[in-house]
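Note that this is a predicted model, so its numbers are computed, not measured. Below, chain A is the first sequence line, B the second, and so on; all start at residue 1.
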Amino acid sequence: MSEHRHGDGPEHDQPHDNHFTDMEARVKALESLLTEKGLIDPAAIDAIVETYETKVGPRNGARVVARAWADASFAEWLRRDATAAIASLGFTGRQGEHMRAVFNTPETHNLVVCTLCSCYPWAVLGLPPVWYKAPPYRSRVVIDPRGVLAEFGLDLPADKKVRVWDSTAELRYLVVPERPDGTEGFSEEALADLVTRDSMIGTGLALSPEAVR
Amino acid sequence: MSACKASSPLLASAGLPRAADGEPVFAEPWQATAFAMTVRLHDQGLFSWETWAEALSAELHKPGRKADGSDYYDCWVAALSELLTRLSVASGPELEALTRSWQRAAEATPHGKPIVIENDPLRRG
């Protein structure tokens, strides 16, 4: 399989030749074969990469959450039919997946995982962080959610319930964190700045207004 | 659970490029390409997302996976290759030959020049 080079390898002493790792060459092979067959074109591939890397990202999700905080009827719609409510803001999933919004309350904290593989609401959160895809997170969140949350620096009160939601290819979850105190009268833009990606996965909370000053 | 020490193993991601919000996204460009090709093929209706999720899941659950998930996109590429073989878009030997050809082309390309498959000496011969 693929060779993973480590830090101080001798490659810096070989300035002249090019080299593809097995994985690089294999992806090149797939790309050239699919291009030749007319199934993909490189420009479209670049455009998709760029979209997920820079344009989509967690800011879409933050806007959904901010709207829900600011607008009770949107929040109600989001609770009832998250797929439609989120689509109304222009964010739709490429895989035709359904969305469900789970709301944090003073009594309950929600946490999202995918134990099957690593389904993730790309349309609202961009590409998943590496830890979300790592087996330790996926296996341990179900067994010991509080322990995992503590590793993220999130210590919840003992009487707060933790609900873990397991994503599937068809259904992805978006956590709506609790609105921070001291944000009365904030615009939706200002509210969105408080919504971190982790708070929408459930491994963090929304920021306090002081934290973003 | 040896990979999970008391510190924050889940947050360890040394040497990875960062997205706008400071989090690692793709470790290497080929991962982004593999991801995008899959999205594109699905867009074009070559397979359903469910079919893809099953193919990826099968790879991810094979024994011998790395505990830190660093081979996630290796599994992704394996799943895509397997699926394309199953759909008769490509054959295993064909992909294998093309992979080797790209490797020879890379070795034969002077540093600083774009790597094109025509640089493979065996292809030209």
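Annotation: side chain of B/M37 is in contact with side chain of A/V27 (closest heavy-atom distance under 4.5 Å). Two residues are said to be in side-chain contact when any heavy atoms from C-beta on lie closer than 4.5 Å; B/T99 and A/D22 fail this criterion. Using a 4.5 Å cut-off on side-chain heavy atoms (C-beta onward), B/L98 and A/L30 make no contact.
A/K37 contributes a side-chain N or O that, together with a main-chain N or O of B/V89, makes up a donor-acceptor pair within less than 3.5 Å. Between the side chain of B/Q103 and the backbone N or O of A/A25, no donor-acceptor pair lies under 3.5 Å.
The structure places CE of A/M23 at 4.0 Å from CH2 of B/W30, a figure rounded to the nearest 0.5 Å. With values rounded to the nearest 0.5 angstrom, B/L46 atom CG is found 11.0 Å from A/I40 atom CD1. Atom OG1 of B/T33 is separated from atom NZ of A/K28 by 7.5 Å, given to the nearest 0.5 angstrom.
Annotation: salt bridge (Lys or Arg N to Asp or Glu O under 4.0 Å) contacts of B/E96 (sequence neighbours excluded): A/R26, B/R100. The side-chain contact (heavy atoms from CB on, under 4.5 Å) search around A/K161 returns A/T108, A/R163, not counting sequence neighbours.
Within 6.0 Å of CZ in A/R63 there are 12 or fewer heavy atoms belonging to other residues, nucleotides or ligands.
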Exercise for the section: Could you check B/L84 against A/L34 for side chain to side chain contact (heavy atoms under 4.5 Å, CB included), going step by step and ending with a plain yes or no? Expected result: CA-CA 10 Å; B/L84 291 173; A/L34 292 167; 4.1 Å; yes
Practice task
Assess whether side chain to side chain contact (heavy atoms under 4.5 Å, CB included) is satisfied between A/D41 and B/R40, documenting all intermediate values.
Solution key: CA-CA 9 Å; A/D41 71 281; B/R40 184 73 182 158; 4.1 Å; yes
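Neither the backbone nor the side chain of B/E59 comes within less than 4.5 Å of any heavy atom of chain A.
A pairwise comparison of heavy atoms in A/F20 and B/W102 identifies CD1-O, 3.6 Å as the closest pair.
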